Amino acid sequence: MKTTEHTELIRRFADDFTTLQEAVLSQVNGVCAPETAAALEHASLAGPVTVVLAHADVLARGAVRRAELSVQPPERLRQLRAHARRVRRARSQAETRYKEERARRLGRRSRPVDPLEWRVARTAFTSASHEALRQELRDRGLPDGTPQAPESDLAQWAWDRRTAGGELPAPVRALRDCDEDAFVEALLRDAREEENPYLPHDAVVERWSRHARAAQAWGRYAIGRAEQDLLACPLSARRTRLDALDDAYQDTAVLAARSREALLRVTDLHDRMQADVTTGPFAELVRECRAAALARFADAEPAAWRGVRELVARHRADCPEQTDGCPHCHHALAAVLADTPPADTDEYGEHSAAVPADADRYALLTDLPDTAVVAVADAAVGDESALSGYGWAAEDGTTGHGDSFASSSGEAEVIGVCAAALSLLERHEHAPVIVLCDSTEAVGVVDAALRTGDRAAGHRTLLFPESRQLMDSLMRHRHRVQVRWLKGHIGHDLNETADALARLALRRATGRIPLSAARKEETRIVRSLGSGAGRLPVAA
């Protein structure tokens with residue numbers, strides 16, 4: 001194929017999403033023309049191919065789900081599942097290739113290696129070297145440093161200064177200044193109605209990437225709602241509702257593609273910002289700051305500096321990478337200097353008593369009050385929609401389970417905690433209630449809300465109205481409720497029961513188990529716990 005024709009094909013793929021998608025899917029299905037396959041290998045298409053496959057992945061899973069819910073022939077279902085697996089595998093491979101292409105592109109930039117003495121000091125004496133650098137940056141009027149300083153903060157500082165003079169278009173200013181809910185609404189309109197050409201602007205692209213996951217969650221919420229409506233009606237009346245499910249998957253596929261595009265664009269922005277401080281005048285400024293910080297470190301920590309200098313001098317005498325600046329040697333050298341106690345001693349150098357391997361199984365449960373009602377809650381989430389299941393089991397033998405909508409596993413776990421607590425509060429009017437959960441995120445969210453009385457404390461995790469309403473209900477009883485962390489999947493009876501009930505609830509909610517079979521499964525789970533046998537021990 002001629003070079004000009006090849007270039008034209010690459011350009012067409014880059015400019016036309018539909019054409020690129022057709023080419024990529026033909027490659028996935030093994031029917032791709034040689035010239036098309038050659039064009040798809042071009043480095044400039046590595047990112048766009050991941051966008052196409054993010055879109056195709058959602059649609060492929062949607063086709064499988066429609067077939068499951070419309071009782072397609074088994075052979076058709078097998079074909080759709082095989083296609084979905086091929087798309088998922090191709091998506092993973094494309095994302096790996098994009099990372100490799102980016103690393104290759106960044107690797108072409110000539111970046112000087114920092115002096116070995118500075119790298120060793122920074123690694124072995126982290127606090128002292130960082131403080132020396134922070135002092136140098138402050139004296140120069142530059143942003144305070146971070147562990148990667150000065151590039152990370154200096155990049156943002158330099159970029160802001162360079163772009164401060166330009167007047168932003170009004171639609172960009174509106175996107176930059178609106179609140180979070182309004183921004184997510186803008187992302188949903190972008191996917192469902194009309195593409196917003198201002199989202200890729202440097203002033204808002206980071207915000208776009210940050211909120212794209214929330215927008216995707218609302219897409220999965222729409223899928224869950226459509227799925228729930230479909231399962232509520234008989235097979236003969238499902239055609240219209242199947243169309244609604246298709247629409248929800250189409251919207252979510254666009255949201256997934258736009259989310260991937262946002263990530264690519266924000267990555268490109270960060271690469272450009274980083275390039276500003278690794279070449280030219282800013283690169284020289286970075287080198288000056290580090291050299292001055294090393295001098296400050298030497299003055300403040302003379303003994304440490306002497307150790308660094310002597311160790312580096314001995315190392316350079318026979319290092320085969322000396323001419324390249326010993327680019328990878330600082331970790332081993334810093335390990336020699338690092339002042340770390342042996343693994344079996346505490347911070348004062350005293351030997352600690354041996355701790356049994358399973359001693360942390362009930363570490364947070366040893367001080368539970370005798371009057372408290374204790375339960376363990378768990379949750380399960382699916383891949384396709386926001387439908388989730390939760391389950392709980394109490395030490396008095398009572399259990400519960402149900403389904404809701406969750407944007408993440410953390411939100412699903414919070415729903416389980418709230419549902420368990422509210423049920424037990426109703427059963428036990430005066431006793432304190434303690435709910436244990438193996439999700440640190442969920443425990444943190446609920447605990448913060450209960451301690452502070454702030455209903456908005458968990459809104460970053462609690463995206464959907466169902467979970468927020470449950471939290472609001474629980475807040476009315478916050479002085480009677482505690483939530484604590486319990487290490488999961490270690491054989492704790494209540495935890496295993498709650499997990500089994502949550503998975504059963506999700507299967508029931510998604511129609512993957514009929515009601516009669518679900519009731520039998522629930523009976524088996526509860527019987528295995530020992531329901532009706534009296535109070536069950538929480539601690540070993």
Side-chain angles (χ1 to χ4, degrees), residues 13 16-41 45-100 216 219-220 222-224 226-228 230-231 235 238-239 241-261 380-389 409 503 506-514 517:
F13 287 158
D16 189 330
F17 180 89
T18 302
T19 302
L20 178 61
Q21 185 171 56
E22 290 172 354
V24 169
L25 289 178
S26 70
Q27 187 179 51
V28 168
N29 292 319
V31 293
C32 185
E35 60 272 18
T36 299
L40 290 175
E41 289 301 311
L45 295 177
V49 167
T50 67
V51 175
V52 160
L53 285 168
H55 184 269
D57 185 25
V58 175
L59 291 184
R61 286 185 284 124
V64 171
R65 193 68 183 122
R66 178 182 177 122
E68 291 173 343
L69 293 171
S70 59
V71 195
Q72 293 277 340
E75 180 57 31
R76 175 60 177 159
L77 191 54
R78 278 194 294 271
Q79 291 172 354
L80 290 171
R81 284 174 174 160
H83 175 69
R85 285 194 297 270
R86 288 195 298 272
V87 171
R88 175 58 62 92
R89 185 164 55 248
R91 181 182 181 181
S92 176
Q93 292 168 348
E95 289 175 354
T96 299
R97 180 179 166 235
Y98 166 74
K99 292 176 183 177
E100 292 171 349
Q216 274 189 272
R220 294 176 63 245
I223 290 174
E227 196 172 359
Q228 200 174 56
L230 192 151
L231 288 166
L235 282 172
R238 285 186 176 181
R239 183 164 190 82
R241 288 180 171 84
L242 279 169
D243 291 341
L245 182 65
D246 279 345
D247 290 342
Y249 268 105
Q250 290 285 347
D251 289 343
T252 305
V254 177
L255 285 164
R258 292 291 271 167
S259 176
R260 183 66 192 175
E261 182 183 351
V381 294
D383 291 329
E384 293 88 2
S385 79
L387 277 170
S388 65
S409 59
R503 287 185 281 108
L506 179 61
R507 290 166 62 207
R508 180 74 190 103
T510 54
R512 288 184 165 89
I513 183 172

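In this text the structure is predicted, and so the values were computed from the model without any measurement. Excluded from the calculations below are hydrogen atoms, water molecules and symmetry mates; all remaining heavy atoms, backbone and side chain alike, are included.
- The two residues L25 and A56 have their closest heavy-atom pair at CD2-CB, 4.0 Å.
- The structure places CD of Q216 at 12.5 Å from CZ of R258, a figure rounded to the nearest 0.5 Å.
- The pair E95-R91 meets the salt-bridge criterion, with a side-chain N (NZ, NE, NH1 or NH2) lying under 4.0 Å from an Asp/Glu carboxylate O.
- Contact between S388 and V381 at its shortest, heavy atoms only, is CB-CG1, 4.0 Å.
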Let me see the working for F13 and T36 under side chain to side chain contact (heavy atoms under 4.5 Å, CB included), right down to the final yes or no. CA-CA 10 Å; F13 287 158; T36 299; 3.8 Å; yes
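- What you find for L77 and V64 is that their closest heavy atoms are CD1-O, 3.9 Å.
- When atom types are taken as modelled, the side chain of T50 and the backbone of G47 share a donor-acceptor pair closer than 3.5 angstrom.
- Taking OG of S70 as the reference point, atom CZ of R241 lies at 15.0 Å (rounded to 0.5 Å).
- Under a 3.5 Å cut-off, the side chain of T96 and the backbone N or O of S92 do form a donor-acceptor pair.
- Scored by the side chain to side chain contact (heavy atoms under 4.5 Å, CB included) test, A380 finds A502, R503, L506 as partners (sequence neighbours excluded).
- A donor-acceptor contact closer than 3.5 angstrom is absent between the side chains of R220 and S385.
- With respect to the salt-bridge test (charged N to carboxylate O, under 4.0 angstrom), the residues D243 and R239 do not qualify.
- Residues L80 and A63 come closest through the heavy atom pair CD1-O, 3.6 Å.
- Rounding to the nearest 0.5 angstrom, the gap separating the NE2 atom in H55 from the CG atom in L59 is 4.5 Å.
- No side-chain donor-acceptor contact under 3.5 Å links N29 to the backbone of V31.
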One pair to check against side chain to side chain contact (heavy atoms under 4.5 Å, CB included): F17 and V51. What are the steps and the verdict? CA-CA 9 Å; F17 180 89; V51 175; 4.0 Å; yes
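- In this view, R85 and R81, A82 satisfy the side chain to side chain contact (heavy atoms under 4.5 Å, CB included) rule, not counting sequence neighbours.
- Heavy atoms only, all atoms of each residue included: V28 and A90 are closest at CG2-CB, 3.7 Å.
- Taking the charged nitrogens against the carboxylate oxygens, R65 and E68 do have a contact shorter than 4.0 Å, which makes a salt bridge.
- Within the 4.5 Å cutoff, side-chain heavy atoms of Q27 are placed close to those of E41.
- R238 places a side-chain N or O within donor-acceptor distance of the main-chain N or O of L69, the cut-off being under 3.5 Å.
- Residue pairs satisfying the side chain to side chain donor-acceptor pair (under 3.5 Å) criterion with at least one member in residues 246-257, sequence neighbours excluded, are listed as follows: R66-D246.
- Considering every non-hydrogen atom in both A46 and R97, the closest pair reads CA-NH1, 3.8 Å.
- Distance check: R86 CZ to L53 CG gives 13.0 Å after rounding to the nearest 0.5 Å.
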Applying side chain to side chain contact (heavy atoms under 4.5 Å, CB included) to I223 and L387, what does each step give before you reach the verdict? CA-CA 9 Å; I223 290 174; L387 277 170; over 6 Å; no
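- V58 places none of its side-chain heavy atoms less than 4.5 Å from the side chain of V254.
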